[in-house]
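Computed from a predicted structure; not experimentally measured.
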Amino acid sequence: MKHHRTRREFLKEMGLAASVLPFLGNLNSLALPGKPKKKQRLVILFSPDGVVPWNFWPDATGANFAFKESLSPLEPFKNRTLVLKGVSDKVRGDGDNHMRGIGCLLTGIELFPGNVQGGGDTPAGWSSGNSIDQEIKTFLQSDPSTRTRFGSLEFGVMVPDHADTWTRMSYSGPNHPVAPIDDPYQMFSKLYGQVQDQEMMKSVLDDLKGDLAKVRSQVSVSDRKILDEHTALVRDMEQDIRTARTSDVGHAVPVVEPGVRRENDNIPKITKLQMDLMISSFIGDAARVATFQFTNSVGQARMTWLGISEGQHDLSHEPDGNKAAQDKLTKINQWYCTQLAYLAKRLAETPEPDGQGSLLDNTLILWTNELGQGNTHTLEDIPFVMVGNGLGFQMGQALDFKHVPHNRLLLTIAHGFGHRIQRFGNPDYCAAGPLPILS
Amino acid sequence: MGLLRAIAWVSVSVLPLAVAVTMPAAQGAKPNEGPALFQQKCAPCHGPNGQGGAGYSKPLAGKLTKVAMAAFIHKSMPPGGPVTTPTQAAKIASFAYDSFYSPIAQARIAPPRVELARLTVTQFKNAVTDLISGFHSAIPGNGTHGIHGEYFKGRSRDSKNEAFQRTDPNIDFDFGTGAPNDKDFDPRNFSISWQGSVLAPDTGEYEFSIHSRHSCQLWVNDTQYPTVDGEVRSAGDPDPSGAVTLLGGRAYTIRMVFTKATQGVDDADKKNKKPSGPSYVSLRWRRPNHVEEAIPTQFLFPDPASKSYVDTTPFPPDDRSTGYDRGDSVSREWDDAVTSAAISAATYTAKNLEEVTHVADNDKNRTDDLKVFCSDFLTRAFRRPLTPDIRSVYIDKQFQSVSNLNEAVKRVVFLGLKSPRFLYREISAKPHDPYFVASQLSFGLWDTIPDPELEQAAAKGNLATTDQVEAQADRMTHDNRAWSKLRQFLLFWLKVDEVPDILKNPKVYPSFDATVASDLRTSLELYLQNTAWDQDANYRDLMLSPDEFLNGRLAQLYGVALPANAPFQSIQLDPDKRAGVLTNPYLLSRFAYLDTSSPIHRGVLIVRNLLGRILNPPPQNFIPLAAAAHPNLTTRERVSLQTKPQFCTNCHGIINPLGFTLEEFDAIGKVRTSENGKLVDCSGTYRDKSGTLVKFTGAKDLANYLADSDDAHDAFVTKLFLNVAKQPPLAYGPQTLPNLERSFSANRYSIRSLLVNMVTTTAMLPLATGKGG
């Protein structure tokens with residue numbers, strides 16, 4: 001429900017205040033003389049249940065490496081890709097590896113002890129700290145030159161409608177999980193609801209004025225004063241809508257294919273709808289940080305469109321020796337990589353509204369996972385694959401850091417935004433500082 | 001019967017409405033009678049009809065009594081001129097009063113009329129809820145209290161796991177290291193689910209919380225998203241809580257689950273069983289004007305209610321300066337709030353189309369059926385059948401504008417709620433129009449649109465006779481919606497509707513804290529319910545009943561023997577001293593300072609609200625004399641000292657003698673017989689409208705007077721009428737108040753009967769001129 005303390009807030013909420021430009025975004029940088037500040041974005045993609053390591057990691061390190069099957073969809077973006085092996089989740093504490101896999105992944109800190117029991121280990125609660133996406137969001141929102149309407153957007157696909165330690169990877173603070181929106185219509189409404197409402201108001205106000213005039217003629221002369229005042233207010237509202245610049249969002253309001261039901265077999269369609277909305281939100285500069293969560297930790301997507309009928313989590317428990325299962329798991333991860341490639345392609349083909357290159361030039365996508373591998377539940381060699389030039393990392397190579405704590409990668413991302421924190425998450429794992437990948 | 005009424009009765013039956021009064025003076029009146037005296041002594045300055053003249057331009061009209069007028073004329077008129085003798089002054093006053101000065105005379109000359117008014121904020125929000133969610137009974141089931149609990153032997157709330165069901169008085173348990181009982185449960189693994197509904201007495205924000213260390217969730221008025229989500233718990237986290245805005249006077253479905261066991265993987269069968277830890281669970285709320293407490297039984301019902309869409313848009317407050325909330329003006333802020341609320345309701349409808357319209361998504365004739373919904377919706381919103389024009393603009397045109405049906409219905413709802421036919425009271429109404437009658441009843445008694453039974457009565461022509469209308473009104477006065485509106489009135493009338501924190505000096509009243517203040521407010525609410533709403537609710541009980549409601553905590557403070565954790569119960573508190581609502585301890589605490597009583601505040605309440613007299617505010621902000629600066633004076637003496645000057649006595653001569661009658665009650669409304677070493681003097685007086693001086697000694701005398709006083713009855717009837725109808729009583733004819741007062745008396749001051757008569761009057765009487773011409 002909307003809340004308005006004052007008329008000004010109401011106008012802002014309705015997108016009518018001339019001073020609010022949620023869609024044309026922050027053009028301050030254009031107005032300033034000299035070199036405008038470079039726009040930077042972070043997108044974090046999550047898929048569950050680990051990978052098949054021998055079909056995932058490149059054999060060589062350095063600039064001359066070859067993609068294995070899981071990562072082959074990234075071939076067109078090889079010189080803008082960075083594959084990081086040897087970055088491990090060293091955080092321990094309560095919860096089993098799946099819970100800690102997703103709960104400590106973006107936070108780098110332990111879960112609270114709590115009442116949620118996993119497959120083993122002690123029961124845990126929520127994370128005891130915030131996640132890197134929310135950290136960056138807060139950092140960007142605190143500076144007027146990088147502030148956006150939402151700061152961050154949390155997308156999901158088939159996320160179980162249940163808040164627990166397996167379904168949340170993003171935290172705005174200790175005990176404060178952030179829920180992803182896995183319904184593209186809800187996301188559309190969040191981004192464009194205002195505009196839609198304005199369109200509706202514009203077109204019905206004439207009917208309203210017409211009826212007000214009719215009604216006015218039916219009441220006594222002494223009673224017309226209040227109706228005249230009311231009519232004047234309706235005319236004012238009409239004027240506000242007409243002059244509001246925000247009704248022209250500067251780009252085509254996306255048309256979201258209606259009637260796509262939230263079900264397993266629609267995962268590809270929903271993914272595309274959500275990713276297209278993410279592109280729109282970047283064009284309109286509604287946010288500079290986005291997370292994208294496929295299902296949840298222990299996710300059970302059944303990729304029927306690949307001819308796979310088993311759930312991913314079940315398959316991920318099959319031993320290395322079950323070649324059929326490992327082949328299927330490889331295809332599953334390759335499918336996730338295809339989605340990453342689609343996102344990268346759309347970003348690459350979309351120019352920045354202010355003319356400074358393409359969206360991909362200013363965005364870093366980080367694709368990651370809760371586990372190194374599903375059947376061992378190892379938290380070593382967490383998959384980290386980055387695409388895009390947004391943070392100035394040395395792209396176009398594969399690296400192996402040989403078991404450094406992943407807190408250092410989280411620090412590196414922060415430093416990439418100019419947020420030079422010395423620690424993120426558990427400080428014990430931050431001592432050696434950011435990874436040497438900044439150029 | 002007062003002189004006023006006798007004269008009013010006679011003169012109105014002689015003179016028709018809206019006819020200029022011909023002055024008897026012009027027809028050669030006797031020289032020493034009122035009319036001639038007025039022409040000779042007063043007309044040169046005031047004009048022959050008191051309408052204003054060379055010396056004084058303002059028309060002579062006001063609210064002084066004849067006696068007061070005469071005294072004033074004798075003392076002060078003409079200024080600097082020859083004295084008017086008391087006899088002459090009395091004759092002049094009598095003439096002027098009846099011819100043009102009094103409100104009745106003014107009504108004859110320029111009759112007030114029923115003015116076009118918009119819905120008040122309360123009416124708007126109630127109407128929106130009843131439109132979107134449909135009309136449902138305010139309280140589900142048969143009104144028995146409690147909440148329905150299902151107890152399970154493990155985590156799973158499958159029916160085969162069920163141990164038993166029962167109705168619990170409320171949810172406030174400490175199981176220790178055990179379980180609900182020893183025989184049915186493993187104390188390490190059990191769960192409970194509760195279902196029912198909770199009554200929101202006032203409109204506002206309710207903060208629900210669950211006091212427990214274990215997994216717990218609460219759904220209020222929503223089956224999908226929990227209002228309070230404590231399913232996952234972390235060590236050291238606070239009690240889970242969540243806030244929700246609720247409309248007062250209705251019950252809302254609640255469902256709560258509690259699990260003593262871990263979530264996630266079921267480890268109940270683990271071989272190394274740990275010892276059972278302690279567990280407790282309490283469902284608590286903080287409701288408007290109260291502190292947090294476990295939700296008491298009196299607000300819980302074991303049956304679920306229907307879902308209610310509640311608009312939460314903040315609205316600018318309605319004008320209440322004339323003593324009741326009314327919609328006599330519009331503003332930018334109001335229009336913005338209406339737009340925002342209309343968008344919210346329309347968006348909700350589009351998003352929950354099947355739930356709101358009852359048209360299935362896969363309905364074969366979906367478009368037609370949705371149009372039928374729209375037609376019903378607008379008929380109910382506009383409170384009358386649709387004309388073809390309205391149908392064409394509001395429905396057909398909208399369905400033609402967009403192809404998506406959700407969008408079309410959204411437009412209809414938005415346009416309907418923005419329409420003047422919804423926002424203004426009975427725009428196309430004519431007297432005796434049955435739809436007009438239905439609306440007068442529903443807004444008058446319930447502050448909302450007519451319910452289906454009223455709608456059908458209107459459609460069938462069964463709202464034509466007074467008997468039929470009274471029968472409907474009577475039905476409606478037994479519904480909780482009527483109590484909700486009456487309760488709002490009573491709290492406003494007694495000036496306790498919006499109360500700042502009641503703070504007392506901790507040195508003098510060490511146990512008077514926020515919890516006590518909250519309990520006292522509950523005790524007043526129970527008192528009002530008992531005297532003004534129970535089966536034989538009547539005004540005299542409200543003025544005289546000695547039955548207060550105390551719980552253990554209050555009992556201790558006010559000197560009654562009850563166990564410390566005793567629930568609220570009816571007690572005759574100080575029956576030799578107390579009588580009626582004026583001696584309720586919450587009221588007395590409210591009109592008092594940190595450690596001294598305030599006879600002035602108490603007196604003003606009585607003068608303005610119980611006796612209906614006009615009092616201007618003080619000419620400037622006076623700071624009360626500090627009690628510490630006059631340690632040898634009682635409060636009475638100190639107040640008398642401060643209000644001694646001549647220019648104070650005009651008002652304080654009326655206020656103080658009434659406030660002093662309550663001096664036997666201290667700053668927290670507790671009985672005292674002495675103050676600062678002197679015996680309390682609780683004598684007092686009041687000169688009523690007919691000039692009679694009444695004397696009292698103490699609160700019981702005062703209460704007895706108020707119970708039977710014409711002035712007090714007048715005040716109550718007038719103020720209640722304004723609150724119910726939101727139009728001036730004289731707009732319905734000069735006999736409106738006298739008739740209501742007569743039947744009030746004849747019905748032994750029954751409040752329900754009074755309400756029935758009031759709304760029937762507004763529904764059935766021809767309206768004063770102005771409407772339609």
Side-chain angles (χ1 to χ4, degrees), chain A residues 1-7 10-11 13-14 96 99 111-120 123-126 128 161-166 174-175 177 189 193 196-197 200-201 203-205 207-208 210-212 214-216 218-224 226-227 229-230 233-234 236-237 258, chain B residues 113 115-118 214-215 224 229 231-237 245 261-267 311-314 328-337 339-340 343-344 346-347 351 389-390 393-394 397-398 401 404 407 410-411 414-415 418-421 423-424 427-428 770-773:
Chain A
M1 311 285 176
K2 299 185 172 68
H3 290 268
H4 313 288
R5 293 268 157 253
T6 61
R7 173 167 173 79
F10 167 78
L11 289 179
E13 185 66 39
M14 287 288 120
D96 71 3
M99 293 158 73
L111 299 175
F112 277 120
N115 67 343
V116 183
Q117 179 61 53
W126 298 117
S128 61
D161 198 10
H162 191 240
D164 59 35
T165 324
W166 289 282
N175 276 322
S189 186
Q196 299 279 298
D197 286 342
M200 178 188 69
M201 284 201 284
S203 70
V204 304
L205 278 182
D207 297 325
L208 183 60
D211 208 29
L212 264 166
K214 258 192 227 156
V215 158
R216 184 184 180 278
Q218 288 174 17
V219 305
S220 72
V221 175
S222 10
D223 283 330
R224 285 185 189 161
I226 195 174
L227 288 179
E229 285 170 18
H230 190 146
L233 293 171
V234 173
D236 284 348
M237 167 69 68
Chain B
R113 51 185 202 88
E115 291 178 0
L116 182 65
R118 60 162 173 82
H214 288 88
S215 178
Q224 216 184 349
D229 194 349
E231 193 184 11
V232 173
R233 304 300 303 271
S234 301
D237 64 2
T245 300
T262 51
Q263 301 299 301
V265 173
D266 195 340
D267 62 346
D311 172 62
T312 57
T313 310
D328 64 333
S329 64
V330 294
S331 68
R332 195 143 293 177
E333 289 71 32
W334 172 81
D335 189 55
D336 285 349
T339 304
S340 181
I343 295 242
S344 290
T347 305
K351 216 175 144 196
D389 270 351
I390 293 176
V393 169
Y394 281 84
K397 188 167 176 209
Q398 306 313 320
S401 309
N404 179 290
E407 201 47 46
K410 182 174 176 179
R411 283 176 177 229
F414 175 73
L415 202 48
K418 282 287 287 172
S419 168
R421 299 174 194 273
L423 293 169
Y424 289 87
I427 266 193
S428 313
K771 205 81 163 129

Hey, which of Asp96(A), Asp164(A), Leu212(A), Thr165(A) has the most heavy atom pairs under 4.5 Å with chain B? Leu212(A)

May I ask you to decide if [Y]'s main-chain N or O and [X]'s side chain share a donor-acceptor pair within less than 3.5 Å?
X: Ser340(B); Y: Asp336(B); answer: no
X: Arg224(A); Y: Arg216(A); answer: yes
X: Gln398(B); Y: Val393(B); answer: yes

Counting heavy-atom pairs under 4.5 Å to chain A, which of Gln224(B), Glu231(B), Lys418(B), His214(B) comes out on top? Glu231(B)

In terms of heavy-atom pairs under 4.5 Å with chain A, the winner among Arg421(B), Lys397(B), Lys410(B) is Arg421(B)

Contact class of [X] relative to chain A, heavy atoms under 4.5 angstrom:
X: Leu423(B); value: side chain
X: Ser331(B); value: backbone
X: Ser215(B); value: both
X: Asp229(B); value: side chain

How many angstroms lie between CG in Leu208(A) and OG1 in Thr339(B), if you round to the nearest 0.5 Å? 8.5 Å

Which portion of Pro123(A) sits near chain B, non-hydrogen atoms under 4.5 angstrom: side chain

Charged N-O contact under 4.0 Å between Arg113(B) and Asp223(A): yes

Over 60° means perpendicular and under 30° means parallel, so classify the ring planes of His230(A) and Trp334(B), tilted if in between. perpendicular

